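Just so it is clear, the structure is predicted and the values come from calculations on it, not from any experiment. This chain uses plain numbering: 1 for the first residue, then up along the sequence.
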Amino acid sequence: MKIRTALVLACFLLSVLPLGVIVVYSYFASGRALESAYHAEATKLTAQMDRRLTTLRDELQERLAEVSALPNPSEGNVLMTMGDAASLVDSLEIHPMGPAPAPHPMVMRMPRFKAPRFSFSDAQHAQLKKISQLGREMGSHSLTPEQRGALQKQLNDAQTTFNDSMQEAQKEFSKNLEAHLQEAEKQREEAMRRAEQQREQQFNVPMTERGAVVGNLKAHVSTDRIIHRILNASPEDADERNEIAFAIDRGGDVYTRTEDERQRLDKLGIPQKIAAGRPLNDIRNWIVVLRRDPQSGLQVGVARPYGEDLEGLRKAAAKNFGYGIALIFVALIGIVPIANHITGDVELVTRGAERIAHGDLSTRLPVHSKNEIGQLATAFNRMAEDLSVQQQRIVEQERAAIEYERKSAELEEARRFQLSMLPKEVPRLDGYDIAVFTHTATEVGGDYYDFHVDDGGVAITIGDATGHGARAGTMVAVIKALFAGYSDAQTPADFLRDATEKIRRMDLGRMAMALQLARFQGSDVTIASAGMPPTYVHRRNDNSVEEISVGATPLGTLGDDYRDARVELGPGDTMLFMSDGFPELMNAAGQQLGYTASIEAFAAAATARDANGVIASLENAARNWHGDQAPNDDVTFVVVRAV
């Protein structure tokens with residue numbers, strides 16, 4: 001595929017795909033937001049219906065408590081006390097209590113209408129106000145006997161008029177109440193018939209008299225009428241929003257405001273899902289929220305559609321996508337000439353690259369601009385020049401590789417030579433348990449150790465030549481030759497003075513070597529040191545570590561002030577000779593182990609069963625600090641335990 005075609009196709013894909021993703025994401029995100037908002041509103045409406053149910057139950061409980069406090073309950077005063085709550089009650093049962101209870105409870109059938117209430121008329125309120133005013137005037141101390149008599153006559157007339165009007169009002173109220181009771185009698189049979197079909201709620205309230213319980217009041221409440229009142233109290237705009245408020249009683253019967261709403265619920269399968277215990281969130285384009293009242297077992301819910309709003313979102317998303325596609329095609333018309341211009345310059349670079357590939361490193365491209373193509377041409381010319389130089393470097397590197405292989409072979413020979421100068425085995429003596437360990441940092445290390453056994457005991461030396469590689473190996477060879485002529489007639493300090501003098505006469509330049517020599521004779525040990533780290537002695541009796549430091553300059557330097565130090569070893573005591581590679585060992589963070597940590601590691605290792613165990617513990621401590629990679633300096637241990 002040509003670059004021009006690839007550019008046009010890439011531009012199209014990079015425009016259409018992001019646009020499509022954005023539109024689809026916006027559609028689904030808006031749909032989820034719309035669904036969430038409708039769900040929250042449906043939940044709020046369901047909670048309101050649940051609160052109305054609680055309010056009705058509390059109001060009914062309060063009215064029944066007032067009825068239970070009536071001294072002589074009858075249909076008239078029960079209806080007056082119950083008020084609006086009477087329409088929710090099918091019947092009342094009064095069960096007296098006492099030493100001689102009634103054989104059967106008293107049952108009152110409640111009518112399904114609002115009971116009349118007795119109230120004063122406007123004329124009666126005016127008469128009461130006039131009587132009150134005359135009473136206040138009679139209480140004045142400034143009235144004469146004649147005035148007081150006239151006011152008394154007016155007060156008597158007003159009271160007589162008020163009493164007459166009250167008698168007439170009571171007669172009228174009794175007449176109306178009688179009419180309501182007759183109507184209730186007509187509905188009683190119908191209420192009894194439906195009571196067998198409907199599931200009722202029961203309320204039990206104790207009846208008291210002067211603080212003592214004298215009976216029990218049981219009210220049978222119609223679930224049908226309670227649900228009817230709850231559902232018909234829905235918001236006025238519920239029909240406009242096309243939402244359905246419904247309720248389900250304990251028997252599984254479904255109640256709605258209209259038969260049409262019930263048919264819509266059945267069509268959606270909501271009652272069937274609730275009866276089967278299936279989730280309600282899989283009904284397409286509908287939000288259904290259900291809440292259960294634990295006390296009555298009644299469930300109230302709201303079903304609300306949101307499919308029409310979702311369809312509007314879908315149409316808007318499709319329209320926006322079409323507008324975006326149109327803009328993309330307009331942009332493509334302008335991209336074609338730009339792509340032709342870019343690909344023309346790229347073709348020049350391509351032809352130049354082909355000539356370079358055929359070995360013509362003298363090829364150079366013309367630079368016509370300072371844009372990316374011009375920068376590419378400049379870089380191409382620089383690359384052609386660099387390739388010419390690189391060819392020369394490759395030849396030189398091949399020569400260097402041959403030389404490196406030759407030197408590596410020589411270093412390997414030097415490494416084998418240096419290792420050949422170390423003892424092949426550790427001497428086995430009756431009075432001492434000896435073990436050694438060494439780990440070089442390069443092919444030829446600078447650490448050295450050796451043993452000299454004679455009839456009088458054993459001499460042990462450990463050293464560290466300056467640097468690494470072949471120069472360090474040379475110094476080790478010199479010390480090996482000098483130590484081969486060691487005589488037990490010499491003290492360790494005498495040997496070091498003699499050795500440094502001979503090294504100076506060899507004129508080895510700046511080469512030097514730190515060396516430590518210890519002469520073991522029975523339990524007595526004589527130590528001399530030329531620039532080596534201290535020697536450590538672990539005492540088995542008190543589990544302590546002693547440090548023996550004999551400071552002096554390395555062999556081959558200007559100083560020769562070497563002196564002997566003597567140590568007495570007891571049974572089980574352990575001595576450690578080491579190079580400075582162990583305390584100067586670095587971890588991954590570039591931190592040195594240090595002498596304090598070295599002493600602690602030796603104190604822990606000295607509790608091992610034998611000298612090899614001590615070496616293994618020290619080796620493990622070095623590995624834990626430094627890891628498995630090569631150390632930054634040679635590490636050597638010589639451990640001697642008195643048996």
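- In this structure, Tyr449 and Phe451 have perpendicular ring planes: the angle between them is above 60°, well past the 30° mark.
- For the pair Ser487 (side chain) and Gln490 (backbone), a donor-acceptor distance under 3.5 Å is absent.
- Here the closest heavy-atom approach between residue Ile434 and residue Ala611 is recorded as C-CB, 4.1 Å.
- Annotation: side chain of Thr461 is not in contact with side chain of Ile479 (no heavy-atom distance under 4.5 Å).
- Legend: ring pair (Phe, Tyr, Trp, His ring centres under 6.0 Å) pairs involving residues 578-604, not counting sequence neighbours, sorted by first then second residue: Phe582-Phe637.
- Sequence neighbours left out, the pairs with a member in residues 511-564 that pass ring pair (Phe, Tyr, Trp, His ring centres under 6.0 Å) are Tyr432-Phe520.
- The list of side-chain hydrogen bond (donor to acceptor under 3.5 Å, both in side chains) pairs with a residue in residues 567-578, not counting sequence neighbours, reads Ser523-Glu568, Arg539-Asp573, Thr574-Arg641.
- For the residue pair Pro534 and Glu547, the shortest heavy atom distance occurs at CB-CG, 3.6 Å.
- Counting all heavy atoms, side chain and backbone alike, Thr500 lies closest to Pro554 at OG1-O, 4.5 Å.
- More than 12 heavy-atom neighbours from other residues, nucleotides or ligands sit within 6.0 angstrom of CG on Asp454.
- Across all non-hydrogen atoms, the minimal contact from Lys502 to Leu482 is CD-CD2, 3.6 Å.
- The side-chain heavy atoms of Asp634 and Thr438, taken from C-beta on, include no pair separated by under 4.5 Å.
- Without hydrogens or angle criteria, Asp564 side chain to Ala493 main chain gives a donor-acceptor distance under 3.5 Å.
- Taking every heavy atom of both residues into account, Ala465 and Val476 meet most closely at CB-CG2, 4.4 Å.
- With salt bridges taken as basic N to acidic carboxylate O contacts below 4.0 Å, none links Arg399 and Glu396.
- Taken from CG in Asp488 to NE2 in His452, the straight-line distance is 6.0 Å, to the nearest 0.5 Å.
- For Ala606 against Val614, the heavy-atom pair with the smallest separation is CA-CG2, 4.0 Å.
- For Arg504 (side chain) and Leu558 (main-chain N/O), a donor-acceptor pair under 3.5 Å exists by modelled atom type.
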Applying side chain to side chain contact (heavy atoms under 4.5 Å, CB included) to Val643 and Asp430, what does each step give before you reach the verdict?
CA-CA 8 Å; Val643 179; Asp430 294 337; over 6 Å; no

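- Panel note: side chain Asn624, backbone Asn620; a donor-acceptor pair is recorded below 3.5 Å.
- Listed for the Ser579 side chain is a donor-acceptor partner under 3.5 Å among the backbone atoms of Thr636.
- For the ring pair (Phe, Tyr, Trp, His ring centres under 6.0 Å) condition, no pair includes a residue of residues 604-634, sequence neighbours left out.
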Name each donor-acceptor pair under 3.5 Å that joins a side chain in residues 525-533 to protein atoms two or more places apart or in another chain, with its distance.
{"residue": "Ser529", "atom": "OG", "partner": "Met532", "partner atom": "N", "Å": "3.3"}

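- A side-chain hydrogen bond (donor to acceptor under 3.5 Å, both in side chains) check over residues 598-619, counting only residues at least two apart or in different chains, returns the pairs Glu619-Arg623.
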For Glu501 and Asp560, run side chain to side chain contact (heavy atoms under 4.5 Å, CB included): C-alpha distance rounded to whole Å, both residues' side-chain angles, the deciding distance at 0.1 Å, then the answer.
CA-CA 8 Å; Glu501 180 63 26; Asp560 59 357; 5.7 Å; no

Would Leu517 and Tyr486 satisfy side chain to side chain contact (heavy atoms under 4.5 Å, CB included), going step by step from the backbone distance to the final call?
CA-CA 11 Å; Leu517 179 61; Tyr486 174 74; 3.9 Å; yes

